[in-house]
Asks: 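Questions regarding the structure given below will be posed in turn.
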Amino acid sequence: MDIEKRIKLSISDAFQSLYHHTLPEADIKLQPTRKEFAGSHTFVTFSYGRISKQNHQDTAQAVGSYLREHSGIVRDFNVVTGFLNLEIADNTWLEVFEHISSSQQSALPFGYQPDNGQKVMVEFSSPNTNKPLHLGHLRTIFLGASISRIFSANGYEVKKVNLVNDRGIHICKSMLAYQWFGKGETPASSGIKGDHLVGKYYVRFDKAYKQEVAQLVAEGMEEAQAKKQSSLMKATQDMLQKWEQGDPEVVMLWKTMNGWVYEGFDTTYKRIVVGFDKIYYESNTYLLGKSVVEEGLDRQVFTKRADGSVWVDLTDEGLDQKLLLRSDGTSVYMTQDLGTVDMRYHDFPFDKMVYVVGNEQDYHFDVLFKILKKLSRPYADGLYHLSYGMVDLPSGKMKSREGTVVDADDLIQEVTEAARAQTEALGKIDGFTKEQAEELYSVLGTGALKYFILKVDPKKRMLFNPEESVQLQGNTAPFIQYTYARISAILRKANDLGIETGGRFADLATLQPAELEVIRLMHEFPQKIAQAAEDYSPATVAQYAYDLAKEYNRFYTEVSIFSEEDPTALAFRVALSQAAAAVIRSAMDLLGIQVPERM
RNA sequence: GGUCUCAUAGCUCAACUGGAUAGAGCAACUGCCUUCUAAGCAGUAGGUUACAGGUUCGAGUCCUGUUGGGAUCACCA
């Protein structure tokens with residue numbers, strides 16, 4: 001049984017015995033003791049004065065005495081105003097440690113939950129096929145990949161999905177520009193990565209279009225009129241129509257260019273080590289949802305207006321009326337999403353569905369979920385919008401048209417180079433093959449990037465400073481990775497010396513403060529994993545990994561391992577290091593960050 | 001304008017969901033490598049938690065208002 005539960009049960013007993021009051025264990029709250037006081041767990045007694053008919057001080061004192069006598073695990077306590085700080089006996093901590101240490105042998109890593117029979121689908125990335133991935137995509141990708149792992153660790157069966165926006169007027173823009181200006185260029189002939197090549201023509205379109213409009217305006221046309229009259233825009237709209245009619249030539253070009261983009265995306269996904277279980281394409285889903293509209297009309301949840309357009313009235317929910325079908329019978333974004341979610345539920349009957357999408361779409365998802373509730377979909381209550389804040393740059397907001405976006409591939413390249421430069425400067429790659437060194441730079445670089453983004457609360461807007469993201473000291477992934485590599489070196493040495501770590505340590509004479517602190521932190525790991533899922537926040541795990549690494553480093557400098565003369569103490573310290581490495585590795589794994597054996 | 005959201009050290013972020021003297025990193029300064037990897041450790045300095053009220057044993061956290069950012073309110077996706 002875990003420490004918290006034992007304390008809570010004892011407190012419950014204490015209230016029964018001292019005050020003849022039944023205090024359910026579930027109503028008892030414990031909090032970590034502040035560093036400046038002795039103890040690890042704190043029970044706050046302010047609100048129990050009415051029950052005890054005593055002041056806080058006396059209540060805390062009485063409960064504390066009871067726990068010391070009867071709980072079997074509380075060694076001592078101190079009372080500061082109404083705060084009851086409990087010190088847990090060393091041998092209890094050592095039992096906790098033995099449990100953590102021995103769970104390394106089991107199939108399920110420490111802190112992970114067994115299969116809970118629930119399914120969750122996570123959608124993230126959601127790129128357009130007319131330009132390469134940028135920094136904004138990286139936040140959804142890292143968040144989505146990490147939250148998927150976190151749910152998996154909590155016992156869910158997880159399906160990672162991507163919804164690719166592969167059709168529409170913006171896709172036709174790059175296709176048209178390619179047709180007009182491309183001269184048969186291909187990724188192979190130009191040496192340009194496929195997604196970047198297509199992106200080049202998207203930019204080319206915008207440039208040519210602006211020129212044409214300027215030209216028309218110079219000739220005396222109104223700007224709004226010029227935008228409509230533009231031959232480029234007309235040709236683009238024409239192309240979209242042909243695409244919808246299935247014109248072979250247009251469809252062929254579309255397939256070819258999208259193929260280039262997918263190849264490019266795959267390369268990028270591979271570089272940052274993320275993948276999907278299923279990819280949905282809007283070209284397959286954009287017509288879905290019309291049947292949902294029919295259904296809604298039948299059930300009188302939606303209404304049809306005189307012009308033929310279909311609406312849903314959400315004014316009783318505090319929202320507006322929302323269009324679901326245009327008067328010409330074509331669907332809008334909302335219609336698509338209604339159809340897509342039904343299809344997904346059919347593919348994978350989920351208990352939860354997480355949309356990792358930016359907070360500029362808060363309103364959209366609010367509406368979507370309310371409509372699905374009105375349609376009484378069985379899954380409606382399991383839908384969640386993981387709404388993340390925008391990524392700002394020191395220079396201001398990112399805008400693709402103004403060229404102020406940070407390209408994902410460039411960024412990955414940059415952080416990898418920074419890792420290379422620093423590693424070489426420190427001269428730490430003796431004995432590495434070229435491949436091993438390259439692998440290390442990639443692990444460090446992408447790790448730094450992921451951590452930099454994931455350590456921030458997803459809901460909050462964040463500032464991305466490229467210079468800081470490349471930093472490898474302080475609260476960064478390389479700091480944590482370094483801790484892991486150091487422990488690895490210890491474990492290699494221990495292995496050479498033939499030190500056994502599987503023994504019992506409960507009778508160890510004394511625990512150093514730093515040792516106890518490392519155990520206490522490892523003991524928190526399962527709660528952190530649960531909390532991260534509850535809050536949909538990888539930042540919880542990131543913060544935890546940092547705290548544990550920091551505490552281990554303190555132990556590392558304060559306590560010597562191999563000069564210890566007592567063989568049990570020596571073995572314990574090796575075992576402690578081993579367990580800490582395993583937990584650090586697990587935590588980083590939940591963030592999608594790898595850890596190196598040497599660096 | 002309506003709605004939503006944010007404001008914490010010079011900068012980037014925390015604060016166990018209402019608890020104790022608000023904590024880390026970066027930048028600055030001081031120490032620690034003949035000893036398990038110094039990408040580390042220890043320390044100094046830095047705060048009227050935007051502002052004004054309120055709620056209570058207790059507020060960075062909840063409520064009201066003010067100021068200042070951001071998003072959104074398309075027969076775009």
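Chain letters run A, B, ... following the sequence lines, proteins first, then strands; residues in each count from 1. Excluded from the calculations below are hydrogen atoms, water molecules and symmetry mates; all remaining heavy atoms, backbone and side chain alike, are included.
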Asks: I'd like the C1' distance from B:rG46 over to B:rA24, given in whole Å.
Replies: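 It works out to 14 Å between them.
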Asks: With a 3.5 angstrom cut-off on both distances, give the Watson-Crick or G-U wobble partner of B:rU37, or none if there isn't one.
Replies: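 The base-pairing partner of B:rU37, which may sit in any strand shown, does not exist here.
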Asks: Could you tell me how far B:rC26 sits from B:rG19 if I compare only their P atoms? Round to whole Å.
Replies: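 It comes out at 29 Å once rounded to the nearest Å.
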Asks: Looking across every strand, which nucleic acid part, if any, lies under 4.0 Å from A:Leu472 by heavy atom: base, sugar-phosphate, or nothing?
Replies: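 Base contact.
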Asks: Is any side-chain nitrogen or oxygen of A:Arg486 closer than 4.0 Å to OP1 or OP2 of B:rA38?
Replies: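 So the side chain of A:Arg486 is within the cut-off, an N or O lying under 4.0 Å from OP1 or OP2 of B:rA38.
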Asks: In whole Å, I'd like the distance from the CZ atom of A:Arg34 to the P atom of B:rA15.
Replies: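 In whole Å, B:rA15 P lies 14 Å from A:Arg34 CZ.
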Asks: Does A:Arg326 have a side-chain nitrogen or oxygen under 4.0 Å from the phosphate oxygens OP1 or OP2 of B:rC76?
Replies: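 Looking at the OP1 and OP2 atoms of B:rC76, one of them is under 4.0 Å from a side-chain N or O of A:Arg326.
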Asks: Identify which nucleotide among B:rG40, B:rC41, B:rC75 has an atom closest to any side-chain atom of A:Ser309, counting heavy atoms from C-beta outward.
Replies: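 So the side chain of A:Ser309 is nearest to B:rC75.
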Asks: Please report, rounded to the nearest Å, how far the P atom of B:rC13 is from the CG atom of A:Asp547.
Replies: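 So the CG-P distance, A:Asp547 to B:rC13, works out to 18 Å.
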Asks: Using the P atom as the reference point in each nucleotide, state the distance between B:rU55 and B:rU64 in Å, no decimals.
Replies: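 Looking at atom P only, B:rU55 and B:rU64 are 15 Å apart.
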Asks: Could you tell me whether A:Glu282 contacts a base, only the sugar-phosphate backbone, or nothing, with contacts defined as non-hydrogen atoms closer than 4.0 Å?
Replies: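 Touches sugar-phosphate only.
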Asks: Grab the two heavy atoms, one from A:Leu548 and one from A:Ala580, that are nearest each other, plus how far apart they are.
Replies: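 That closest heavy-atom pairing would be CD2-O, 4.3 Å.
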Asks: Describe the nucleic acid contact of A:Ala539 in one word from base, sugar-phosphate, nothing, applying a heavy-atom distance below 4.0 Å.
Replies: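 If one applies the 4.0 Å heavy-atom cut-off, A:Ala539 turns out to touch nothing in the nucleic acid.
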Asks: Counting distance alone, no hydrogens or angles: does the base of B:rU5 have a donor or acceptor under 3.5 Å from a partner atom on the side chain of A:Lys459?
Replies: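 Such a pair does not exist between side chain and base.
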Asks: Do NZ/NE/NH1/NH2 and the carboxylate oxygens of A:Glu597 and A:Arg585 come within less than 4.0 Å?
Replies: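 Salt bridge present between A:Glu597 and A:Arg585.
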Asks: Can you tell me how far CZ of A:Phe142 sits from CG of A:Leu454, rounded to the nearest 0.5 angstrom?
Replies: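 Answer rounded to 0.5 Å: 7.5 Å.
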Asks: Among B:rA77, B:rC26, B:rA39, which nucleotide sits nearest the side chain of A:Leu426?
Replies: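 Selected nucleotide: B:rA39.
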Asks: C1' atom, B:rC57 versus B:rG1: distance in rounded Å?
Replies: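 These two C1' atoms come out 43 Å apart once rounded.
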Asks: Once you round it to whole Å, what is the distance between P of B:rU8 and CZ of A:Arg461?
Replies: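 Roughly 13 Å, once rounded to whole Å.
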Asks: Answer yes or no: side-chain N or O of A:Asn85 and base N or O of B:rA20 forming a donor-acceptor pair under 3.5 Å.
Replies: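 Such a pair exists between side chain and base.
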Asks: Looking at the rings of A:Tyr333 and A:His364, which for Trp means the six-membered one, are their centres under 6.0 Å apart?
Replies: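 Ring centroids of A:Tyr333 and A:His364 are less than 6.0 Å from each other.
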Asks: Please classify the glycosidic conformation of B:rU64 as syn (within 90° of 0) or anti (everything else).
Replies: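 Classified anti.
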Asks: Distance to the ring centre below 6.0 angstrom and angle to the axis at most 45 degrees; does that hold for A:Arg305 and A:Trp311?
Replies: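 Flagged: A:Arg305 positioned over aromatic ring of A:Trp311.
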Asks: Counting side-chain heavy atoms from C-beta on, which of B:rC26, B:rC13, B:rC36 comes nearest to A:Val456?
Replies: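 Minimum distance to the A:Val456 side chain belongs to B:rC13.
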Asks: Between B:rA14 and B:rC51, how far is it from one C1' atom to the other, in whole Å?
Replies: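 After rounding to an integer number of Å, I get 24 Å for this pair.
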Asks: Would you classify A:Met599 as touching base, sugar-phosphate or nothing, given that sugar-phosphate means primed atoms plus P, OP1 and OP2, and contacts are heavy atoms under 4.0 Å?
Replies: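 Answer is base: heavy atoms of A:Met599 come under 4.0 Å of a base.
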Asks: Less than 6.0 angstrom from the centroid, inside 45 degrees of the normal: does A:Lys459 satisfy that with respect to the ring of A:Tyr388?
Replies: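 No, A:Lys459 and A:Tyr388 do not form such a contact.
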Asks: Heavy-atom nearest nucleotide on RNA chain B for A:Arg167 versus A:Gln31: which residue maps closer to 5'?
Replies: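 With A:Arg167 and A:Gln31 compared, the 5'-side residue is A:Gln31.
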Asks: In whole angstrom, give me the gap between the C1' atoms of B:rC16 and B:rA22.
Replies: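 Here B:rC16 and B:rA22 have their C1' atoms 14 Å from each other.
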Asks: Could you tell me how far B:rC29 sits from B:rU66 if I compare only their C1' atoms? Round to whole Å.
Replies: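 So the two C1' atoms sit 41 Å from each other.
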Asks: Of all the choices, B:rC11, B:rA71, B:rU37, which nucleotide is nearest to the side chain of A:Glu360 once you look at every atom?
Replies: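 Looking only at heavy atoms from C-beta outward on A:Glu360, the closest nucleotide is B:rA71.
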Asks: Indicate, with a heavy-atom threshold strictly under 4.0 Å, whether A:Leu444 touches base, sugar-phosphate, or nothing.
Replies: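 It contacts base atoms.
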Asks: Looking at A:Tyr280, I'd like to know if the NZ or CZ of A:Arg344 sits under 6.0 Å from its six-membered ring centre while staying within 45 degrees of the ring's axis.
Replies: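 Ring-cation test returns yes.
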Asks: With a 6.0 Å cut-off on the ring centroids, do A:Phe464 and A:Phe452 count as close?
Replies: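 Yes, the ring of A:Phe464 comes within the 6.0 Å limit of the ring of A:Phe452, centre to centre.
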Asks: Just N and O in the side chain of A:Tyr482: are any of them under 4.0 Å from OP1 or OP2 of B:rA39?
Replies: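 Checking B:rA39 against A:Tyr482, a side-chain N or O does come within under 4.0 Å of OP1 or OP2.
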Asks: Where the side chain of A:Tyr556 is defined as all heavy atoms beyond and including C-beta, which of B:rU37, B:rU72, B:rA77 is the nearest nucleotide?
Replies: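 Looking only at heavy atoms from C-beta outward on A:Tyr556, the closest nucleotide is B:rU37.
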Asks: Whom does B:rA28 pair with, Watson-Crick or G-U wobble, provided both distances fall under 3.5 Å?
Replies: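 For B:rA28, the partner nucleotide comes out as B:rU44, under the 3.5 Å rule.
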Asks: Measure from the side-chain heavy atoms of A:Glu36 and tell me the nearest of B:rU21, B:rU37, B:rC41.
Replies: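 The listed nucleotide nearest to A:Glu36's side chain is B:rU21.
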Asks: Counting only side-chain nitrogens and oxygens, does A:Asn553 get under 4.0 Å of the OP1 or OP2 atom of B:rG40?
Replies: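 Negative; the distance criterion is not met.
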Asks: For B:rC33, is chi within 90° of 0 (syn) or not (anti)?
Replies: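 Syn for B:rC33; the angle stays within 90° of 0.
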Asks: Does B:rA15 have a Watson-Crick or wobble partner in any strand here, with both distances under 3.5 angstrom, and which is it?
Replies: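 When the pairing criteria are applied, nothing turns out to pair with B:rA15, so the answer is none.
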Asks: To the nearest Å, how far apart are A:His56 NE2 and B:rU56 C1'?
Replies: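 Those two atoms, NE2 and C1', are 11 Å apart.
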Asks: When you get a sec, tell me which of B:rA20, B:rC41, B:rA24 is the closest nucleotide to the side chain of A:Tyr546?
Replies: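 Within the option list, the nearest is B:rA24.
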Asks: Work out how far the C1' atom of B:rU48 is from that of B:rC73, and round it to whole angstrom.
Replies: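 Comparing C1' positions in B:rU48 and B:rC73 gives a spacing of 38 Å.
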Asks: Side chain of A:Asp328, base of B:rC75: donor and acceptor closer than 3.5 Å?
Replies: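 Per atom types, no contact qualifies.
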Asks: Would you mind pulling out the nucleotide paired to B:rG60, Watson-Crick or G-U wobble, both distances under 3.5 Å?
Replies: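 The base-pairing partner of B:rG60, which may sit in any strand shown, does not exist here.
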Asks: Does any N or O donor sit under 3.5 Å from an N or O acceptor when you compare the side chain of A:Thr42 with the base of B:rA20?
Replies: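 Checked by distance alone, the answer is yes.
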Asks: For a quick test of reading the model: is some side-chain N or O of A:Lys550 closer than 4.0 Å to OP1 or OP2 of B:rG25?
Replies: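 True: A:Lys550 side-chain N/O within range (under 4.0 Å) of B:rG25 OP1/OP2.
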Asks: What is the nucleic acid contact for A:Tyr363, judged by heavy atoms within less than 4.0 Å: base, sugar-phosphate only, or nothing?
Replies: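 Sugar-phosphate: the residue A:Tyr363, judged by heavy atoms under 4.0 Å, touches backbone atoms but no base.
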Asks: By the 4.0 Å heavy-atom rule, please label A:Asp535 as base, sugar-phosphate, or nothing.
Replies: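 It contacts base atoms.
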Asks: Could you state the atom-to-atom distance from CD of A:Glu534 to P of B:rU17 in whole Å?
Replies: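 To the nearest whole Å, that distance equals 11 Å.
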Asks: Students often get this wrong, so: under 4.0 angstrom with heavy atoms, is A:Thr476 touching a base, only sugar-phosphate, or nothing?
Replies: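 Since no nucleic acid heavy atom lies under 4.0 Å of A:Thr476, the category is nothing.
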Asks: Check this for me: does the side-chain of A:Thr423 come within 3.5 Å of the base of B:rA39 through a donor and an acceptor?
Replies: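 Side chain to base: pair found, below 3.5 Å.
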Asks: Do the two ring centres, one from A:Tyr355 and one from A:Phe124, sit under 6.0 Å apart?
Replies: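 Aromatic pair excluded; centres sit 6.0 Å or further apart.
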Asks: Any side-chain N or O of A:Lys29 below 4.0 angstrom from OP1/OP2 of B:rG19?
Replies: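 Result: no.
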Asks: Of the candidate nucleotides B:rC36, B:rA20, B:rC75, which contains the atom at the shortest distance from the side chain of A:Phe83?
Replies: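 So the side chain of A:Phe83 is nearest to B:rA20.
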Asks: Which nucleotide, in any strand shown, forms a Watson-Crick or G-U wobble pair with B:rG65, with both distances under 3.5 Å?
Replies: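 Pair assignment: B:rG65 / B:rC51.
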Asks: State which of B:rG25, B:rU37, B:rC13 makes the closest approach to the side chain of A:Leu463.
Replies: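 Taking heavy atoms from C-beta onward, the closest nucleotide is B:rC13.
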Asks: Could you identify the nucleotide paired to B:rA71, looking across every strand shown and requiring Watson-Crick or G-U wobble geometry with both distances under 3.5 Å?
Replies: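 By the stated definition (distances under 3.5 Å), B:rU3 pairs with B:rA71.
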Asks: Are A:Arg598 and A:Phe432 in a cation-pi contact, defined as NZ or CZ under 6.0 Å from the six-membered ring centre and within 45° of the axis?
Replies: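 So A:Arg598 doesn't make the cation-pi contact.
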Asks: Quick one: A:Ile561 CD1 to B:rU35 P, roughly how many Å, whole number?
Replies: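 A:Ile561 atom CD1 is separated from B:rU35 atom P by 16 Å.
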Asks: At under 4.0 Å between heavy atoms, what does A:Val357 touch on the DNA or RNA strands: base, sugar-phosphate, or nothing?
Replies: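 Nothing, no nucleic acid heavy atom in range.
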Asks: Remember a base hit wins even if backbone is also touched, and classify A:Ser327 as base, sugar-phosphate or nothing at under 4.0 Å, heavy atoms.
Replies: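 Base, at least one base heavy atom under 4.0 Å.
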